[in-house]
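These notes are about the structure you will find just below.
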There are 2 protein chains.
Amino acid sequence: MSGSKPRYPLADFKVGVDNVIFSVDTDQNRLLVLLVMRQQEPYRDCWCLPGTLVRQGESLEDAAYRILAEKIRVKNLYLEQLYTFGEVGRDPREAPNSYGTRYLSVSYFALVRFPEAELIADRVSGIAWYPLKQVPQLAFDHNRILEYGHRRLCNKLEYSPVAFDVLPESFTLSDLYQLYATVLGENFSDYSNFRTKLLKLGFLSDTGEKVSKGAGRPASLYRFDAEAFAPFKNKPLVFI
Amino acid sequence: MSGSKPRYPLADFKVGVDNVIFSVDTDQNRLLVLLVMRQQEPYRDCWCLPGTLVRQGESLEDAAYRILAEKIRVKNLYLEQLYTFGEVGRDPREAPNSYGTRYLSVSYFALVRFPEAELIADRVSGIAWYPLKQVPQLAFDHNRILEYGHRRLCNKLEYSPVAFDVLPESFTLSDLYQLYATVLGENFSDYSNFRTKLLKLGFLSDTGEKVSKGAGRPASLYRFDAEAFAPFKNKPLVFI
DNA sequence: ACAAAAGTGTTGCTGGTACACCCATGT
DNA sequence: ACATGGGTGTACCAGCAACACTTTTGT
């Protein structure tokens with residue numbers, strides 16, 4: 001932001017914020033992404049990530065929270081910036097000679113709890129949780145953004161406790177295991193070793209309640225104990 | 001980027017790119033950051049990160065490479081996007097009522113080889129490698145950006161081979177060790193264990209050449225073998 | 001001869017992997 | 001009774017931390 005002489009004309013930008021919002025359906029063990037249907041050109045009637053253009057007086061993060069709140073009601077969520085996409089021509093609204101306004105997309109990555117998240121349908125546009133594997137062709141470069149978000153999710157899972165932002169407040173250890181398995185793919189770890197390791201860490205507290213899933217012994221419900229996790233904060237903990 | 005009605009006026013942006021460029025002086029074991037002196041208002045005569053505003057027809061990355069090339073000549077470098085800062089009022093050029101043009105900063109993180117990097121002094125502005133510990137107050141929110149970049153560097157060092165983008169082409173194992181020690185702080189590992197571990201991984205090839213550093217036995221020069229590293233790519237390898 | 005820096009080897013322990021096994025429930 | 005899913009225990013082995021030791025140089 002220093003030193004360039006204005007001999008070369010600067011580009012003018014509108015800035016969009018696009019959210020990759022994940023949740024997990026623990027009953028069906030599916031990783032879900034929130035998609036909305038565009039109601040305007042360009043890409044009218046195409047599915048896309050929920051996004052918006054940044055308004056006057058609004059920070060990037062404000063904008064990210066705004067669309068999120070327009071689309072779903074949640075009690076709890078995790079949100080962080082993902083990446084900024086700014087190639088010339090990534091948005092068809094840019095004039096073909098690229099001398100007009102450019103459109104930048106700052107993407108955000110969010111995790112919400114599936115059972116607690118109420119979708120807000122405004123009776124005009126479509127909105128839906130899509131299983132990641134069934135996501136169709138999206139508007140703009142949103143498939144790429146989504147892919148980027150998915151990679152981030154995989155990484156985050158391994159070394160930070162984001163899992164507990166996607167799982168319901170209380171959950172069984174199989175829920176947790178299944179979450180890792182659905183996101184990271186099978187055979188990332190043996191179930192019983194996974195149990196022992198996590199319990200030994202000591203930030204999962206047994207609620208005493210049990211829950212039955214069909215046949216078989218009922219499972220204990222656990223809760224994530226943020227207090228007990230504190231010492232691990234910023235440590236290069238690996239969850240595997 | 002969908003669905004908002006233009007009832008609320010959108011913000012107009014100029015987009016800046018700011019680079020956090022690190023290198024390491026292996027002789028003095030110092031981590032260095034490239035700073036330049038601003039020649040214009042605002043913050044005239046303040047040190048800041050080398051940056052520029054994005055021009056018409058130029059991608060973010062193009063802009064990042066452009067300033068880099070304006071400030072230093074390098075053969076080899078590592079560059080990746082860092083973070084995007086877009087709070088209202090982060091740049092004093094924004095009108096106080098925040099209804100004028102906003103200034104966004106997309107920051108990039110770069111590593112270059114100190115001995116190979118020639119600074120380009122344009123006889124007007126100052127430019128200098130600053131030891132990280134001695135960085136003064138910078139213009140804008142650049143101290144914050146720098147801090148963010150430093151955290152990224154620490155993380156990257158641990159699980160990816162970026163070290164070899166900062167070190168010279170061939171280096172001794174102490175150089176490598178010292179690099180980790182200066183960036184990550186002392187006592188991150190025992191020297192001899194560090195040696196054994198890295199050599200066992202097998203992607204450091206001995207060049208046969210030796211080099212003496214004062215008294216003591218001369219050290220072997222090693223070279224990073226990208227071929228041999230390939231299998232580790234994308235694996236959650238930890239270097240410690 | 002001695003200090004300094006590079007490089008090798010040994011040993012004990014931690015913690016992960018791969019299982020085998022026991023427990024509680026539905027049908 | 002037995003299938004199903006939850007939960008515990010054990011035995012082996014890789015890999016790492018700690019530290020003692022050897023080698024090669026400069027002075």
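All chains are named by letter (A, B, ...) in the order of the sequence lines, taking the proteins before the strands, and each is independently numbered beginning at 1. Since this is a predicted model, take the numbers as computed values, not measurements.
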Quiz item: Does the ring center of B:F85 lie less than 6.0 Å from the ring center of B:F140?
Solution: no
Practice problem: Rounded off to whole Å, could you give me the CG-to-P distance for the B:N29 and C:dA5 pair? | Solution: 12 Å
Self-check item: Donor-acceptor pair under 3.5 Å, A:S192 side chain vs C:dC19 base
Solution: yes
Practice problem: Rounded off to whole Å, could you give me the CZ-to-C1' distance for the A:R195 and C:dC19 pair? | Solution: 16 Å
Exercise. Go through the side-chain N and O atoms of A:S105 and A:D18 and say whether any donor and acceptor fall under 3.5 Å apart.
Key: yes
Quiz item: How would you list, by chain and number, every residue that makes a ring pair (Phe, Tyr, Trp, His ring centres under 6.0 Å) with A:Y78, sequence neighbours excluded?
Solution: none
Practice problem: Tell me which of A:L199 and A:K213 sits closer to the 5' end of DNA chain D, going by the nucleotide each one is nearest to. | Solution: A:K213
Quiz item: Taking only residues two or more places apart in sequence or in another chain, which ones pass ring pair (Phe, Tyr, Trp, His ring centres under 6.0 Å) with B:Y65?
Solution: none
Quiz item: Does a donor on one side chain and an acceptor on the other come within less than 3.5 Å for B:R113 and B:S23?
Solution: no
Quiz item: Are B:Y180 and B:F188 close enough that their ring centres sit under 6.0 Å apart?
Solution: yes
Self-check item: Nearest-Å distance for atom pair CG/P, residues B:D190 and D:dG15
Solution: 18 Å
Quiz item: Taking atom P of D:dG9 as reference, at what distance in whole Å does atom CZ of A:F194 sit?
Solution: 19 Å
Practice problem: Report the residues that fulfil salt bridge (charged side-chain N to carboxylate O under 4.0 Å, His left out) with B:K213, sequence neighbours left out, ordered by chain and then residue number. | Solution: B:D175
Exercise. Starting from P on C:dT8, measure out to CG on B:N193 and report it in whole angstrom.
Key: 13 Å
Exercise. Take the protein atom NZ of A:K210 and the nucleotide atom C1' of D:dG5, then report the distance between them rounded to whole Å.
Key: 13 Å
Quiz item: When you measure from every atom of DNA chain C, which of residues 169-179 of chain A have a heavy atom less than 4.0 Å away?
Solution: none
Quiz item: What's the NZ-P distance between A:K197 and C:dT14, to the nearest Å?
Solution: 17 Å
Is there any protein nitrogen or oxygen under 3.5 Å from a nitrogen or oxygen in nucleotides 25-27 of chain C, and what are the pairs?
residue, atom, partner, partner atom, Å
C:dT25, O2, A:G216, N, 3.2

Self-check item: Between A:F224 and A:F203, ring centroids under 6.0 Å
Solution: yes
Self-check item: Whole-Å distance separating the NZ atom of A:K200 from the P atom of D:dG9
Solution: 13 Å
Exercise. Identify, with sequence neighbours excluded, every residue that meets ring pair (Phe, Tyr, Trp, His ring centres under 6.0 Å) alongside B:Y108.
Key: none
Quiz item: How is B:T196 classified with respect to the nucleic acid when contacts are heavy atoms under 4.0 Å: base, sugar-phosphate, or nothing?
Solution: nothing
